[in-house]
Amino acid sequence: MELVNEFEFITSRQLYQMLEIKGIDPKSQDKLNNKLDQLVKSKILTRYYFTSDEGKGIYRIYCLEKMGKYLLNSKEIECKWQPSDNTKPVPMIKKRLAGNQTLIAYLRKVKAFDSYVVKPAITAKILGKLFKATGGSVKLTKGGKSIQFIFEVIRREDDWQKKIIEKMRLYKEFYENFIPGDSGFSGMPQLILICEDERHMAESFKEIIKNQIEIPQIKLYFTTDLRQNKETLEDTLVEFKLVDGKYRMENIELKLLGM
């Protein structure tokens, strides 16, 4: 229940992985699914079924129900769930799941992993607008030095080009006016866009260049859902570099992301 509350939307597979990471033995995926079935019948959780994009079956997504909030509050655990949370649009849910997958990959595969935040709140100062990074954030620490990554998930939803422009303008303002401590970041965090596939990375970068919303203060990195499945995350990031007047996609190798 606490994990579902923390992540808002999470698949049964992601729950299994998070329980293992936290040192709780779920025995097997089937046993966990049976337990989740009981929580759904008890109105503690709600379950949705999604067909995978590859058409290879159905996966289950869980979120809280009214009784779940009541039980968490009775244990004095903060829970901001409200009934409208369970009616959020499908693209928003898919962004959360992609963010979960990335956070779990960093938890499991990066030795320098320190901590994570599922829904970091960031402020665009001039507009006075608070917005959230859809993919969460991680803090990596090595040799006494730390760096933080912010993940923004981009999906090919209706008007996705318009939405990426709006979001990148908020990020641009955040970085242009950044001072240490802003939005809880001790240093300027690294922004990484999580796209659907290799082609989508290029499409997203094209929108950013076309609309002049580059962020000079940082190198903008890209990745995809599939890249998080690699054994090591050292070479999962991509940067677009200007070579002979043309942008070229290049893999970036970061030893910090190794085991």
Side-chain angles (χ1 to χ4, degrees), residues 7 9-11 13-14 17-18 50-57 59 61 89-110 112-113 116 118-120 132-138 140 147-165 167-168 171 189-211 213-215 218-241 246-259:
F7 285 89
F9 295 97
I10 189 166
T11 68
R13 175 63 180 159
Q14 288 170 350
Q17 291 173 322
M18 282 303 301
F50 276 16
T51 304
S52 70
D53 293 335
E54 293 82 20
K56 295 176 182 176
Y59 54 103
I61 294 117
V90 169
M92 192 178 290
I93 297 172
K94 288 188 173 182
K95 286 178 186 178
R96 175 71 273 134
L97 299 178
N100 294 351
Q101 180 184 339
T102 301
L103 294 180
I104 290 169
Y106 274 72
L107 271 159
R108 296 173 66 209
K109 301 174 185 179
V110 178
F113 177 86
Y116 69 89
V118 176
K119 293 178 280 186
K132 291 185 178 178
T134 52
S137 68
V138 298
L140 308 176
I147 184 172
Q148 288 168 289
F149 288 1
I150 298 174
F151 300 103
E152 182 63 34
V153 183
I154 312 297
R155 302 290 93 167
R156 285 190 186 100
E157 55 188 309
D158 292 340
D159 293 330
W160 74 266
Q161 295 96 332
K162 181 182 175 184
K163 288 173 183 174
I164 189 177
I165 292 164
K167 200 65 177 280
M168 287 302 295
Y171 276 116
Q190 172 62 56
L191 179 59
I192 299 168
L193 303 188
I194 307 172
C195 301
E196 290 192 13
D197 50 45
E198 306 290 307
R199 183 178 174 185
H200 193 214
M201 288 194 290
E203 292 169 349
S204 299
F205 179 72
K206 183 180 176 182
E207 289 298 321
I208 290 166
I209 295 298
K210 189 170 71 176
N211 291 280
I213 42 177
E214 306 100 305
I215 302 172
I218 59 164
K219 288 184 176 180
L220 184 60
Y221 291 153
F222 294 76
T223 189
T224 65
D225 298 346
L226 201 58
R227 284 174 174 248
Q228 310 316 306
N229 295 336
K230 289 188 175 185
E231 283 187 27
T232 174
L233 301 184
E234 282 184 25
D235 61 347
T236 53
L237 301 180
V238 161
E239 183 184 2
F240 287 87
K241 291 185 177 179
K246 290 185 178 181
Y247 282 103
R248 185 176 296 167
M249 188 166 72
E250 291 187 11
N251 284 324
I252 304 299
E253 189 169 334
L254 284 183
K255 295 292 184 186
L256 181 66
L257 302 186
M259 290 296 287

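Here, residue 1 is the first one in the sequence, and each next residue gets the next number.
Shown here is L256, whose CG atom has more than 12 heavy atoms of other residues, nucleotides or ligands within 6.0 Å.
Y106 places a side-chain heavy atom less than 4.5 Å from the side chain of L140. Contact check for T134 versus K167: side-chain heavy atoms found under the 4.5 Å cut-off. At a threshold of 4.5 Å between non-hydrogen side-chain atoms, the residues T224 and M201 count as touching. With a 4.5 Å cut-off on side-chain heavy atoms, L193 and I208 count as touching. Here the side chains of E198 and L226 are not in contact, with every heavy-atom distance at 4.5 Å or above. The shortest side-chain heavy-atom distance between Q148 and S137 does not fall under the 4.5 Å cut-off.
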Item checked: Verdict with reasoning, F50 to T11, per side-chain contact (heavy atoms from CB on, under 4.5 Å) -> CA-CA 10 Å; F50 276 16; T11 68; over 6 Å; no

Checklist line | Verdict with reasoning, M168 to N211, per side-chain contact (heavy atoms from CB on, under 4.5 Å) | finding: CA-CA 10 Å; M168 287 302 295; N211 291 280; over 6 Å; no

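N100 contributes a side-chain N or O that, together with a main-chain N or O of F9, makes up a donor-acceptor pair within less than 3.5 Å. Using modelled atom types, one side-chain atom of D197 and one backbone atom of R199 make a donor-acceptor pair closer than 3.5 Å. E196 places a side-chain N or O within donor-acceptor distance of the main-chain N or O of R156, the cut-off being under 3.5 Å.
To the nearest 0.5 Å, atom CH2 of residue W160 and atom CD1 of residue I165 are 9.0 Å apart. Rounded to the nearest 0.5 Å, atoms CD1 (I218) and CG (L191) are 4.5 Å apart. The structure places CD1 of I104 at 8.5 Å from OH of Y116, a figure rounded to the nearest 0.5 Å. Between the CD1 atom of I215 and the OH atom of Y171 there is a distance of 9.0 Å, given to the nearest 0.5 Å. For the atom pair NZ of K206 and CD of Q161, the computed distance is 10.0 Å after rounding to the nearest 0.5 Å.
Scanning both residues, I252 and K241, for their nearest heavy atoms gives CD1-CE, 4.4 Å. Minimum heavy-atom separation, Q14 to Q101: NE2-N, 3.7 Å. Here the shortest heavy-atom pairing between I164 and S204 reads CD1-CB, 3.8 Å. The minimum heavy-atom distance between H200 and I154, with the atom names listed, is CE1-O, 3.3 Å. The minimum heavy-atom distance between M259 and V110, with the atom names listed, is SD-N, 3.9 Å. Taking each heavy atom of I192 and T223 in turn, the nearest pair found is CG2-CG2, 3.8 Å.
The pair K94-E157 fails the salt-bridge criterion, with no side-chain N (NZ, NE, NH1 or NH2) lying under 4.0 Å from an Asp/Glu carboxylate O. With salt bridges taken as basic N to acidic carboxylate O contacts below 4.0 Å, one links E207 and K210. Between D225 and R155 there is a salt bridge, with a side-chain nitrogen of the basic residue lying less than 4.0 Å from a carboxylate oxygen of the acidic one.
Applying the ring pair (Phe, Tyr, Trp, His ring centres under 6.0 Å) test to F240 and every residue at least two apart in sequence or in another chain returns F205, F222. With sequence neighbours left out, K219 forms a salt bridge (charged side-chain N to carboxylate O under 4.0 Å, His left out) with no residue at all.
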Donor-acceptor pairs under 3.5 Å, side chain of residues 230-237 to any protein atom, not counting sequence neighbours: which ones?
unit_1, atom_1, unit_2, atom_2, d
T232, OG1, E234, N, 3.3
T236, OG1, L233, O, 2.8

